Amino acid sequence: MAGTEFGDGNVSGKKDGDTVAAVAKISYTSSGNSKGGGPIASVDTDWTPPACWYAPEWKATEFQEYRERLYFGARHDPDAPRDVLGDMSDQNQAYAKDGYNIDKEKDGMWWGAQQNPNASMADQFACDKEPFWVENGETPDVPQAIDPETLAGLAYEQIKVPGTKVSLAPDGPSKVNLPTWAWLDKGEFQPVSVTASLDAPGLHIEATTTAKPVALSIKPGTDDAVRIPASGKCEMNDDDSIGEPYAKGKSKQTPPCGVTYQRSSGNGTFNLQATATWEITWTGTNSPGGELPDGEYGNDQPITVEEIQSINR
């Protein structure tokens, strides 16, 4: 299936005011259908995608220009603290001792901190190490240096899965004390993958993070309804469907997935919530990969529930 590009993986120059940098961008390619859906949310509230990391940023000549422009701008900023200017000058002098490694222009790159704009400001700038030189083909022994696992976490954040509008039956309003069947047909839910990759001179790393649907959870929208099964979690069938389609004559049978309402919705509706659980795994460059926290995405559906009308003769 054709992928969707979210960026490019080239090392390219950019000029922003007095700042010049060459950034090795992370690119994202998606496969799978996300029609009517959106981004998944981790069920583990203690886990978040990477907030910052170190990656190739500048060729040697670009790094020299970047540092000199940075210092020049600070020197002409009347609000710049003197101690910051002093530190910046000292750092530039230290870099200049080795000529900014310009004589090694083709042998490596200067690495710097990069931030995830979706993270908190405090977490984004937890990577506070000054730029450092890395030879092409080498992996720096630095915590939070870009690696396949970091890319896998960033790819997780880019995953968008399809909506979870389930089929409900019998047709029309549900009836009090009669089960409402819920199901998703085979083929409606398929795995969705996002590949994150980074390319720089002497460096190519990537990771593919895959979300696979494994279950559907039903919340009836009222606490006095009976969920089927009692957990409200309908597991995936062997053919990748969920639940069982309703057929004529089954109105009093117990469905494998559904809900039984014990009172009517009156003049309104109940807000049934159908939430899919997605199992998340990843593989990466020279890495067997592993698992990441399950993700969830759901949709709401209004349900009208009526009393069963009886006829007295």
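These numbers were taken from a predicted model, which means no experiment stands behind them. Side chains are part of it too, since the values below use all heavy atoms of this structure and drop only hydrogens, waters and symmetry mates.
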Can you confirm whether more than 12 heavy atoms, excluding those of E296, are under 6.0 Å from its CD atom? yes
Side chain to side chain contact (heavy atoms under 4.5 Å, CB included) partner of S167, chosen from W183, Y246, W181: W183
So does S42 get a backbone contact from the side chain of D294, meaning a donor-acceptor N/O pair under 3.5 Å? no
When rounded to the nearest 0.5 angstrom, what is the spacing between CD in E130 and CD in Q91? 4.0 Å
Enter the distance from Q115:CD to C127:SG here, rounded to the nearest 0.5 Å. 7.0 Å
I'd like to know if I218 and V214 are part of one continuous hydrophobic network [Ile/Leu/Val/Met/Phe/Trp/Tyr, side-chain heavy atoms within less than 4.5 Å]. no
Mutual orientation of the aromatic rings belonging to W110 and W133 [parallel < 30°, tilted 30-60°, perpendicular > 60°]: perpendicular
Would you check if the side chain of N101 reaches a backbone N or O of K104 as a donor-acceptor pair within less than 3.5 Å? no
Kindly give the heavy-atom pair with the smallest separation between L154 and I26, and that separation in Å. CD1-CD1, 3.6 Å
Rounding to 0.5 Å, atoms OG (S27) and CG (D199) come to a distance of 7.0 Å
When you measure from the side chain of E105 to the backbone N and O of T61, does any donor-acceptor pair fall under 3.5 Å? yes
Would you give the length of the straight line joining atom NZ of K186 to atom CG of D238, rounded to the nearest 0.5 angstrom? 11.0 Å
Less than 4.5 Å apart, any side-chain heavy atom of N136 and any of K106? no
Side chain to side chain donor-acceptor pair (under 3.5 Å) assessment of N116 paired with E157: CA-CA 10 Å; N116 182 345; E157 192 173 34; 2.9 Å; yes
With the side chain counted from C-beta on, respond yes when Q64 and E68 share a heavy-atom pair under 4.5 Å apart, and no when they do not. yes
Kindly compute the distance separating CG (L272) from NZ (K219), expressed to the nearest 0.5 Å. 11.0 Å
Excluding sequence neighbours, so at least two apart, what forms side chain to side chain contact (heavy atoms under 4.5 Å, CB included) with S264? V176, E307
Applying the 4.5 Å side-chain criterion to the ILVMFWY set and letting contacts propagate, would M236 and I228 be lumped into a single cluster? no
With clusters defined by side-chain heavy atoms of hydrophobic residues (ILVMFWY) lying less than 4.5 Å apart, directly or transitively, does V166 cluster with V226? no
Which atom of D224 lies closest to which atom of Q262, heavy atoms considered: O-OE1, 2.6 Å
P256 versus C234, closest heavy-atom pair with distance: O-SG, 4.4 Å
Any donor-acceptor pair under 3.5 Å linking the side chain of T164 with the backbone of N299? yes
Could you tell me which non-hydrogen atom of D171 sits nearest to which non-hydrogen atom of L168, and how far apart they are? OD1-O, 4.4 Å
Run the ring-centre check on Y66 versus W58 and record whether the distance is less than 6.0 Å. yes
Measure the shortest side-chain to side-chain distance between L151 and I146 over non-hydrogen atoms and say whether it is less than 4.5 angstrom. yes
Side-chain heavy-atom pair I303, T269 within 4.5 angstrom cut-off: no
Does any part of the side chain of P56, heavy atoms only, come nearer than 4.5 Å to the side chain of L198, both counted from C-beta? yes
Checking S120 side chain against D123 main chain: does a donor-acceptor pair fall under 3.5 Å? yes
Would the distance check show the side chain of Q114 and the main-chain N or O of W53 forming a donor-acceptor pair, the cut-off being under 3.5 Å? no
Would you mind reporting whether Y54 and P143 have side-chain heavy atoms less than 4.5 Å apart? no
From T180, T260, T304, residue fulfilling side chain to side chain donor-acceptor pair (under 3.5 Å) relative to S174: T180
May I ask you to check whether over 12 heavy atoms, not counting those of K250, lie within 6.0 Å of atom NZ? yes
Show your working on side chain to side chain donor-acceptor pair (under 3.5 Å) between R263 and T222 and close with a plain yes or no. CA-CA 9 Å; R263 63 182 176 89; T222 175; 3.1 Å; yes
If you group Ile, Leu, Val, Met, Phe, Trp and Tyr by side-chain heavy-atom gaps below 4.5 Å, do F132 and F125 land in one group? no
Taking atom types as modelled, is there a side-chain donor on N92 or S89 under 3.5 Å from an acceptor on the other? no
Looking only at atom types and distance, does a side-chain atom of D44 sit under 3.5 Å from a main-chain N or O of D46, one as donor and one as acceptor? yes
A quick test of your reading: do over 12 heavy atoms of other residues, nucleotides or ligands sit less than 6.0 Å from NZ of K175? yes
Check for a donor-acceptor pair, side chain of Y156 on one end and backbone N or O of T210 on the other, with a separation under 3.5 Å. no
Contacts under 3.5 angstrom, residues 285-292 side chains, donor-acceptor by atom type, not counting sequence neighbours:
residue: T285; atom: OG1; partner: E206; partner atom: N; Å: 2.8
residue: T285; atom: OG1; partner: E206; partner atom: O; Å: 3.2
residue: S287; atom: OG; partner: G289; partner atom: N; Å: 3.2

Would you list the pairs meeting ring-ring contact (aromatic ring centres under 6.0 Å, His included) in which at least one residue belongs to residues 270-305, sequence neighbours left out? F189-W278, Y261-F270
V142 reachable from L203 in the ILVMFWY side-chain graph, under 4.5 Å edges: yes
Does a donor on one side chain and an acceptor on the other come within less than 3.5 Å for S30 and Q158? no
Write down the atom of T209, the atom of A155, and the distance for their closest heavy-atom approach. OG1-CB, 3.5 Å
Which atoms form the tightest heavy-atom contact between I102 and A60, and what is the distance? CA-CB, 3.7 Å
Side-chain contact test, heavy atoms from C-beta onward, threshold under 4.5 Å: evaluate it for D185 versus S241 and give yes or no. no
Looking at CG of L184 and CD of E244, how far apart are the two atoms once the value is rounded to the nearest 0.5 Å? 13.5 Å
Side chain to side chain, L178 and K252, heavy atoms closer than 4.5 Å: yes
